[in-house]
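In what follows, a single structure is set out as structure tokens and then discussed.
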Amino acid sequence: MIFISYSMASGMDKPLPSRTRPKGDHVLDGCTPWPEEFAARYREAGYWRGETFDQLLRAWTRAHPHRTALVHGERRLDRAELERSADRVARRLAGLGVRAGDRVVLHLPNVPEFFSTFFALQRLGAIPVLALPLHRRSEIVHLCRLSQAVAYVVPDVHQDFDHRELAAEVLKESPELRHVVVAGDPGAHLPLDGPGADDLPPAPEDASEVALLLVSGGTTGLPKLIPRTHDDYAYNVRAGAELCGFGPDTVYLAALPVAHNFALGCPGVLGALYAGGSAVLTDEPDPDAAFALVERERVTATALVPPTVRMWAAATEWGEADLSSLRLLQVGGARLLPEHAAQARAAFGPVLQQVFGMAEGLLNYTEPDAPEDVVLHTQGRPLSADDEIRIVDEDDRDVPPGTTGRLLTRGPYTLRGYYRADEHNATAFTADGHYRTGDLVRRTPTGHLVVEGRVKEQINRGGDKVAAAEVEEQLVHHPAVLDTAVVPVPDDLLGERTCAFVVPVPGATAPDRNEAAAFLRERGLAPFKIPDRVESLDALPVTAVGKTDKKALTALARHLAAGGSRTEGNPCS
Ligand code: OOB
């Protein structure tokens, strides 16, 4: 493992002095800060260094202005160019009235403009809300309204989808939204590279402020927003980069969306920049395109979800690309079965690393020098010595060591509350601030976690998270749908797919899969949330207390997906 000192790599010899913020002095209301005793401890331990992302970018540039920062197709930006383009965008957005503390929904794919805009907002002290590329009207309108965003930044056309049309609809439905800003041909909106303010206000200095809002996979209704401060997210990035041995020779391939925590900061693009390395951006994780990039750019590290790792492993059998530069292949976002981990290790060698993380904070990595058994059978160990882990039963009592239970956590980079979500926060956290992850895990004697399942009602479609409740709430608007329940069905490639059971209103015919899909698309739901199967039922089964019996429905979905009949062996009859 090549270990590089980050202060050397970034040119920052000492952490900047951190300021203790007087209570109540928030730019952003609606966030739950860490209690002062925890904040003091995290500062003392050196996790929180008082560095803002704007200061970090400038330090990276000062240290190595002409080192490559980003590569996209034939475009290459060195650090000085990235900083200049961020300043240009900052002046542009300031000219449009974006101020410190304002929220801006950033909906760009893996292109350099994502980072110019991200760092422009950091320069202004404004807060990017990182929408995922596949989010559509339903999610974006929700994110704009919840965050009261003043601007929405989009590409023109991406993967045959005209974002300007979507933006026009979003503008109509989002009262606070003032501007749509387009990277590319603006159409009826404003160009990102238009004229800007002559001067910029002073850069923000308080690293305990919120730097970005990440979108949660969600379990109830629409996605929640996760406030991440400069202090906590910079630590998240730095500690990951150190663990993964990132350094000036790191070439990180971002093949997952950079708006997602994994590719952004675990250690991701920001980790590569932090360590003095560079990042290659692509939207095409398929082996053909990605292998060519690995070979051309001598990629050293990347992060993938399990289905993509399997495709990559299979493709090494016939592909001829030179992948010898690859030193770290991270896989996470969803469960990687041990046999698939073994296939990947056979194909790529000991570069495989499992990462079990969440946008809410806690990250677990298998160490780069971990024994094979650990890499194949566990999802890693908490990143920080101060990540507190509890594994409990349904009454929040600790389960015996080695037993599977519900994972609770708190620590220096795990949220203390979702943004503007008091009601949800009351149940998503324990009274003493542990986040209820909703994951079922057990801990091995070496302290590694094994993800065994979940208690949360979320379907993990190869890393894309689908909150059952969100799809149900949309589907029940269909005029022929009286009631509905969405459950997972096992899938060989994605791990899980979605099955929606629908009960028709009396006298109506329940929509079939095509009709349901068209209806949900029309309502603006992201494509990965559209149910893969739709089955009609006369009534939903209920438990003894009268709740929808999702266990029985999950069993029925499995039975039907395996070709079982509705009459014979039907677990619901
Ligand atoms: C990552 O983040 P999210 O926020 O999209 O999803 C988090 C959830 C976890 O609570 C867990 O249910 C599942 O995704 N998950 C895994 C996993 N990694 C995530 N389940 C089983 N095995 C794994 N290795 O997915 C994420 C964020 C940062 C780094 C990596 C993944």
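Atoms within each ligand, like the ligands themselves, are counted from 1 in listed order.
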Check: Using a threshold of 4.0 angstrom between heavy atoms of the protein and any atom of ligand 1, which residues qualify?
Finding: H260, N261, F262, C266, G332, G333, A334, R335, V355, F356, G357, M358, A359, L363, Q379, D439, V451, K456, N460, K465
Next item on the list: Decide whether a cation-pi geometry holds between R410 and F38; the criteria are a distance under 6.0 Å from NZ or CZ to the six-membered ring centre and an angle within 45° of the ring axis.
Entry: no
Margin query: Using every non-hydrogen atom in the two residues, find where P527 and R136 come nearest and quote the distance to one decimal.
Written below: CD-CG, 3.9 Å
Checklist line | CD/E423: more than 12 non-hydrogen atoms of other groups inside 6.0 Å | finding: no
Item checked: Pair D439 + R335, salt bridge at N-O below 4.0 Å -> no
Check: Quick one: which of K529, R523, Q474 gives a side-chain hydrogen bond (donor to acceptor under 3.5 Å, both in side chains) with S138?
Finding: Q474
Item checked: Criterion side-chain hydrogen bond (donor to acceptor under 3.5 Å, both in side chains) against Y413, the qualifying member of N236, D387, D232 -> D387
